[in-house]
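Notes follow the structure.
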Amino acid sequence: MVGTTEAVDSSASNNKKNRIQVSNTQKHLFFYVNLAKRYMQQYNEVELSALGMAISTVVTIAEILKNNCLAIEKKIMTSAIVMREESGGRPVQKAKIEILLGKSEKFDKLMAAAAEEALDNE
């Protein structure tokens with residue numbers, strides 16, 4: 001069965017600049033980890049969002065950031081949405097998760113140390 005991991009939603013909440021909609025077919029896991037770090041540098045928090053099979057990827061990303069003392073968990077929201085698998089196809093219910101992460105107290109210090117280490121390795 002072929003499934004879609006992203007839904008099109010015209011609601012205002014979909015226009016958040018600090019939201020990452022994760023797909024388990026589009027990018028490698030650490031692409032999202034690094035993107036989340038950049039978003040936290042810019043906005044002090046990041047919202048990770050996923051549907052269906054990509055939920056485990058979002059949870060893994062959040063756990064990597066938390067276990068490395070880069071993020072703290074602020075909020076987890078779950079829901080189910082109805083979407084169509086293909087144009088004109090039958091409606092299918094998909095699980096959805098949104099995880100809001102904020103910068104940890106150590107975030108800036110750890111990121112500065114990582115940047116310095118990267119410069120030393122060049």
Partners of K109 by side-chain contact (heavy atoms from CB on, under 4.5 Å), sequence neighbours excluded?
->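 Residues passing side-chain contact (heavy atoms from CB on, under 4.5 Å) with K109: none at all.
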For a quick test of reading the model, state the closest non-hydrogen atom pair linking [X] to [Y] and the distance between them.
X	Y	answer
E98	S49	CG-OG, 3.9 Å
A50	V58	CB-CG2, 3.2 Å
K106	C69	CB-O, 4.0 Å
M77	E47	CE-OE1, 4.5 Å

Enter the distance from [X]:[atom1] to [Y]:[atom2] here, rounded to the nearest 0.5 Å.
X	Y	atom1	atom2	result
M40	I72	CE	CD1	10.0 Å
K96	T78	NZ	OG1	11.0 Å
L65	L48	CG	CG	7.0 Å
L101	N18	CG	CG	10.5 Å

Assigning hydrophobic clusters by single linkage (Ile, Leu, Val, Met, Phe, Trp, Tyr; side-chain heavy-atom cutoff under 4.5 Å), is [X] placed with [Y]?
X	Y	result
I76	V46	yes
V59	L70	yes
V82	I55	no
M111	Y43	yes
L100	L51	no

Sub-3.5 Å donor-acceptor pair from the side chain of Y32 to the main-chain atoms of S23, do we have one?
->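 Yes, the answer is positive, given that a donor and an acceptor are paired below the 3.5 Å cut-off.
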Just by modelled atom types, is the N24 backbone N or O under 3.5 Å from a matching donor or acceptor in the T57 side chain?
->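 No, the answer is negative, given that no donor and acceptor are paired below the 3.5 Å cut-off.
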Sole candidate of T60, N67, I61 that passes side-chain contact (heavy atoms from CB on, under 4.5 Å) when paired with I64 =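 In the set T60, N67, I61, the residue that makes a side-chain contact (heavy atoms from CB on, under 4.5 Å) with I64 is T60.
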With sequence neighbours excluded, residues passing side chain to side chain donor-acceptor pair (under 3.5 Å) with E63 =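 Counting only residues at least two positions away or on another chain, E63 forms a side chain to side chain donor-acceptor pair (under 3.5 Å) with K66.
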Is any side-chain heavy atom of K17 closer than 4.5 Å to a side-chain heavy atom of Y39?
->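 Not touching, per the 4.5 Å side-chain cut-off.
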Sorted by first residue and then second, give each salt bridge (Lys or Arg N to Asp or Glu O under 4.0 Å) pair with at least one member in residues 20-45; sequence neighbours left out.
->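 Output for this query lists E45-K74.
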